[in-house]
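Structure record follows, encoded as structure tokens.
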Amino acid sequence: MLKKALLAAACAAILPAFAAYPERPIQIIVPYSPGGGSDLALRLFGETVKKHYPGTNVVIRNQPGGGGSIGTSAAINARPDGYTLGTGAQGPLVIKPLIGGTDYKHDSPAYIGLFARSLQVLAACKDAPFKTYDEFIAYGKDKPVQVANSGAGGANHVSAEAFALAAGIKIDSVPFDGAADARTACIGGHVQTLVASPAEVKSAAEAGQMQPLFVMEAERIADFPDVPTAVEKGVDFTWSSWKGIIAPQKLPPDTAAWLEKAVETVANDADFKTKMTEMGDFPTYENAADFKARVDKDEQTTRAVLEKLGMLNMNN
């Protein structure tokens with residue numbers, strides 16, 4: 001009897017080792033409709049996880065609504081077992097909670113890792129009264145500059161207002177119903193400047209329809225090697241939106257470690273980086289701590305902007 005008891009105890013100690021995460025499909029909630037940039041990026045992410053971890057199944061679940069807040073809330077409030085994750089996107093995680101109406105804050109989720117960013121460029125539009133960064137700043141010190149963005153309270157709106165605060169210039173933000181409408185207005189000369197992604201600016205710049213003034217990065221980028229950064233011009237300002245993986249708090253430590261390693265592996269995969277670049281993203285890997293630090297910084301920047309605009313907690 002003693003031998004049987006000891007054998008049973010030994011088996012009980014060994015069996016949990018075989019129940020390693022993940023045992024079943026991992027679901028990633030995308031808080032937007034199918035076919036958009038975030039959806040395509042997360043589907044590519046899931047495929048790359050399967051490539052490096054054979055037998056691991058990743059399922060994408062689209063849960064749009066509330067500007068991304070509904071799906072984000074679902075991910076944050078899911079069971080903390082590692083089988084329901086979320087998309088770490090700037091709008092629903094940083095901007096929406098500050099405007100109000102969400103059941104979470106920017107520090108509610110566990111941050112697993114960041115794998116890509118969407119860069120921003122400020123460009124002069126057709127017939128703008130300035131063609132260079134220095135001329136733009138001089139103009140903005142004297143009178144407000146019209147800056148088109150893709151929607152009130154969105155990342156492009158916040159970034160332009162945040163830069164104006166950092167640079168000490170005046171701007172009049174002009175929101176449009178999406179990036180395409182803002183770009184069309186810029187090309188048509190109906191506004192003076194535009195905040196947009198490098199991909200949205202590049203073809204128009206090559207056609208002489210707009211002139212990039214600066215990129216919102218710490219260093220110049222390959223798409224615009226001759227275009228300065230605000231940093232090199234003496235304004236300590238950078239901004240980009242981002243894509244990463246979040247989860248509910250209180251994940252089992254081994255599960256969190258597995259997921260963090262998976263994000264790192266995917267983010268450094270050469271094919272993944274190439275395809276993300278082709279989709280207009282800037283592949284960037286940040287671990288959990290660095291990702292969280294980026295979110296904290298963006299939250300502080302956004303809070304100051306929304307307070308200035310009278311939009312802080314407006315939906316509470």
Side-chain angles (χ1 to χ4, degrees), residues 30-41 62-73 87-102 106 116-125 144-165 170-201 204 210 212-213 215-216 237 239-243 279-282 295 298-299 301-316:
V30 175
Y32 305 109
S33 300
S38 293
D39 178 66
L40 296 175
N62 297 93
Q63 193 170 349
S69 64
I70 293 177
T72 300
S73 174
T87 303
Q90 188 183 58
L93 279 171
V94 171
I95 301 173
K96 287 290 180 181
L98 289 171
I99 292 175
T102 65
H106 80 285
R117 296 185 296 120
S118 298
L119 310 187
Q120 292 192 1
V121 180
L122 191 140
C125 302
V145 180
Q146 295 173 330
V147 185
N149 63 65
S150 56
N156 293 359
H157 182 194
V158 170
S159 66
E161 293 284 353
F163 173 76
L165 282 173
K170 309 179 186 108
I171 67 168
D172 282 335
S173 289
V174 185
F176 285 85
D177 187 17
D181 288 350
R183 186 174 181 273
T184 298
C186 182
I187 290 172
H190 303 296
V191 289
Q192 294 173 321
T193 64
L194 166 74
V195 177
S197 71
E200 291 164 341
V201 171
M210 61 178 76
L213 298 176
V215 294
M216 297 183 183
F237 178 82
W239 183 274
S240 60
S241 51
W242 25 262
K243 296 179 177 73
M279 290 193 295
D281 283 302
F282 189 78
V295 175
D298 284 2
E299 197 270 350
T301 299
T302 304
R303 179 181 292 275
V305 167
L306 295 180
E307 191 166 25
K308 172 197 169 190
L309 297 175
M311 296 175 67
L312 190 64
N313 299 318
M314 65 182 289
N315 289 339
N316 285 340

Quiz item: Quick one: does N156's side chain have a donor or acceptor within less than 3.5 Å of a partner on V195's backbone?
Solution: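 Yes: the side chain of N156 pairs with the backbone of V195.
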
Quiz item: Does A155 offer a backbone N or O that forms a donor-acceptor pair with the side chain of S159 under 3.5 Å?
Solution: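 Yes, because the side chain of S159 sits within donor-acceptor range (under 3.5 Å) of the backbone of A155.
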
Quiz prompt | salt bridge (Lys or Arg N to Asp or Glu O under 4.0 Å) pairs, two or more places apart, involving residues 304-315 | solution =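 Output for this query lists E161-K308.
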
Please find the pair of heavy atoms, one from [X] and one from [Y], that lie closest to each other, and give the distance.
X    : Y    : result
P175 : A152 : CB-N, 3.6 Å
S150 : A179 : CB-N, 3.5 Å
G153 : V158 : O-CG2, 4.3 Å
G71  : P31  : CA-CB, 3.9 Å
T193 : A124 : CG2-CA, 4.3 Å
A116 : D281 : CB-CB, 4.2 Å

Would you please name every residue forming a side-chain hydrogen bond (donor to acceptor under 3.5 Å, both in side chains) with [X], sequence neighbours left out?
X    : value
Q192 : Y139
S38  : none
D298 : Q90, W242
T87  : none

Pairwise distance [atom1]([X]) to [atom2]([Y]) - rounded to 0.5 angstrom:
X    : Y    : atom1 : atom2 : value
N315 : T102 : CG    : OG1   : 9.5 Å
D39  : N62  : CG    : CG    : 4.5 Å
F163 : I171 : CZ    : CD1   : 9.5 Å
I95  : H157 : CD1   : NE2   : 10.0 Å
L122 : L194 : CG    : CG    : 7.5 Å
C186 : E200 : SG    : CD    : 11.0 Å

Self-check item: Pairing residues for W239 by the ring pair (Phe, Tyr, Trp, His ring centres under 6.0 Å) criterion, not counting sequence neighbours
Solution: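 For W239 there are no ring pair (Phe, Tyr, Trp, His ring centres under 6.0 Å) partners, ignoring immediate neighbours.
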
Quiz item: Can you list the residues that meet the ring pair (Phe, Tyr, Trp, His ring centres under 6.0 Å) rule with Y32, with sequence neighbours excluded?
Solution: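 Ring pair (Phe, Tyr, Trp, His ring centres under 6.0 Å) list for Y32, sorted by chain: empty.
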
Quiz item: Does the side chain of S118 come within less than 4.5 Å of S197's, by heavy atoms?
Solution: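 Side chain of S197 against side chain of S118, heavy atoms only: no contact under 4.5 Å found.
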
Quiz item: Going by heavy atoms in the side chains, are L119 and M216 under 4.5 Å from each other?
Solution: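 Side chain of L119 against side chain of M216, heavy atoms only: no contact under 4.5 Å found.
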
How would you list, by chain and number, every residue that makes a side chain to side chain contact (heavy atoms under 4.5 Å, CB included) with [X], sequence neighbours excluded?
X    : answer
P212 : V121, V201, A205, F224, V227
E299 : V94, L98, H106, R303
L40  : M279
V174 : Q146, F176, V191

Quiz item: Can you list every side-chain hydrogen bond (donor to acceptor under 3.5 Å, both in side chains) pair that touches residues 174-189, not counting sequence neighbours?
Solution: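 Every pair satisfying side-chain hydrogen bond (donor to acceptor under 3.5 Å, both in side chains) with a residue in residues 174-189: R183-S203.
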
